[in-house]
Amino acid sequence: MASAYPPPAASTQPALPSGPTVFKTVPYAFILPEILCGTWVWILVAATSVSFPLLQGWVMYVSLSSCLISLLLLLSYLFGLHRNSENWKVLDSLYHGATAILYMSAAVLQANATIHSEFGDNSPLYYQLNSAASFFAFITTFLYILHAFSIYYQ
């Protein structure tokens with residue numbers, strides 16, 4: 001005799017990855033490139049002669065804090081600390097969205113510092129370092145935006 005109630009449907013929400021599958025799942029696979037490109041930003045800015053401390057200080061703050069928080073987020077995914085909670089997706093999306101906005105402001109300020117360093121009395125090496133930092137800042141911004149939108153639409 002068949003039951004009057006249908007069996008409970010399987011959850012349509014995909015499980016959050018943990019362990020090495022983090023590197024194979026699309027929105028979460030962006031975390032490692034975000035960390036690497038963000039690390040390049042603060043290394044390159046630290047290698048220049050900071051001629052605009054207020055501008056490049058903000059770039060250093062955003063890149064270093066984002067790199068460290070993303071590293072903690074990656075480690076929590078690797079060790080499965082999220083326990084497949086739905087709140088974890090909201091936290092991840094909000095973090096990456098807010099960080100994308102902060103990184104966009106930092107990338108624009110770094111580009112401004114690069115433009116001003118082109119015409120300054122500094123050596124051409126500092127201009128090249130600032131240019132590379134601007135490039136990686138915009139790449140990192142794009143990665144954070146891509147991560148935020150892909151987890152939002154998932």
Side-chain angles (χ1 to χ4, degrees), residues 14 16-154:
L16 291 173
S18 56
T21 58
V22 170
F23 301 115
K24 298 175 186 174
T25 310
V26 168
Y28 310 102
F30 295 127
I31 296 176
L32 190 60
E34 291 165 1
I35 293 170
L36 293 176
C37 290
T39 302
W40 273 111
V41 171
W42 65 266
I43 288 173
L44 290 167
V45 171
T48 65
S49 71
V50 178
S51 50
F52 303 103
L54 188 62
L55 300 180
Q56 291 180 306
W58 176 249
V59 175
M60 287 292 289
Y61 171 74
V62 169
S63 60
L64 189 57
S65 62
S66 300
C67 182
L68 292 176
I69 294 172
S70 293
L71 182 64
L72 290 174
L73 190 64
L74 177 64
L75 290 175
S76 64
Y77 277 122
L78 286 175
F79 294 125
L81 299 176
H82 53 75
R83 295 193 175 106
N84 210 17
S85 171
E86 186 64 31
N87 295 333
W88 200 264
K89 284 185 179 182
V90 174
L91 171 79
D92 193 350
S93 181
L94 288 176
Y95 165 70
H96 281 89
T99 306
I101 293 169
L102 293 176
Y103 237 109
M104 179 59 80
S105 70
V108 169
L109 291 176
Q110 179 59 38
N112 185 22
T114 302
I115 292 169
H116 287 298
S117 71
E118 181 182 15
F119 302 113
D121 296 333
N122 298 333
S123 73
L125 175 65
Y126 293 139
Y127 173 71
Q128 293 169 355
L129 290 173
N130 279 325
S131 297
S134 296
F135 173 76
F136 280 110
F138 280 107
I139 293 295
T140 308
T141 302
F142 177 70
L143 287 170
Y144 276 107
I145 290 171
L146 197 61
H147 187 124
F149 276 119
S150 64
I151 201 159
Y152 177 72
Y153 286 118
Q154 185 182 27

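For the numbers below, each heavy atom of this structure counts, side chains included, while hydrogens, waters and symmetry mates do not. From a predicted model like this one, the values you see are computed outputs, not experimental measurements.
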Can you tell me how far CG of Leu74 sits from CZ of Phe79, rounded to the nearest 0.5 angstrom? 9.5 Å
Can you confirm whether more than 12 heavy atoms, excluding those of Tyr61, are under 6.0 Å from its OH atom? no
Which atom pair, heavy atoms only, marks the closest approach of Ala148 to Ser93? O-OG, 3.9 Å
Ignoring hydrogens, what is the shortest heavy-atom contact between Cys37 and Leu143? Give both atom names and the distance. SG-CD1, 4.1 Å
How many angstroms lie between atom CH2 of Trp88 and atom OG of Ser76, to the nearest 0.5 angstrom? 4.0 Å
Under the side-chain hydrogen bond (donor to acceptor under 3.5 Å, both in side chains) rule, what pairs show up with a residue in residues 39-48, not counting sequence neighbours? none
If you measure from OG1 on Thr141 to CG on Leu146, what distance do you get to the nearest 0.5 Å? 12.0 Å
Applying side-chain hydrogen bond (donor to acceptor under 3.5 Å, both in side chains) as the test, list every pair that has at least one member in residues 21-33; sequence neighbours left out. none
Closest heavy-atom pair, Pro33 versus Ala29, reported as atoms and distance to 0.1 Å, is CD-O, 3.1 Å
Mind checking whether Leu102 and Ser66 have side chains closer than 4.5 Å, heavy atoms only? no
Minimum heavy-atom distance between Ile151 and Lys89, given as atom pair plus value: CD1-O, 4.3 Å
Looking only at heavy atoms, the pair that brings Ala47 and Leu129 closest together is O-CD1, 3.8 Å
Among Asn112, Thr114, Asn130, the one residue meeting side-chain contact (heavy atoms from CB on, under 4.5 Å) with Gln56: Asn130
Can you tell me which residue pairs pass the side-chain hydrogen bond (donor to acceptor under 3.5 Å, both in side chains) test with a partner in residues 94-108, sequence neighbours excluded? Glu34-His96, Trp58-Ser105, Ser70-Tyr95, Asp92-His96
Would you compute the distance between atom CG of Leu36 and atom CD1 of Ile31 and round it to the nearest 0.5 angstrom? 12.0 Å
Rounded to the nearest 0.5 Å, how far does CD1 of Ile139 lie from OH of Tyr144? 14.0 Å
Nearest 0.5 Å, please: how far is OG in Ser150 from CD1 in Ile145? 11.5 Å
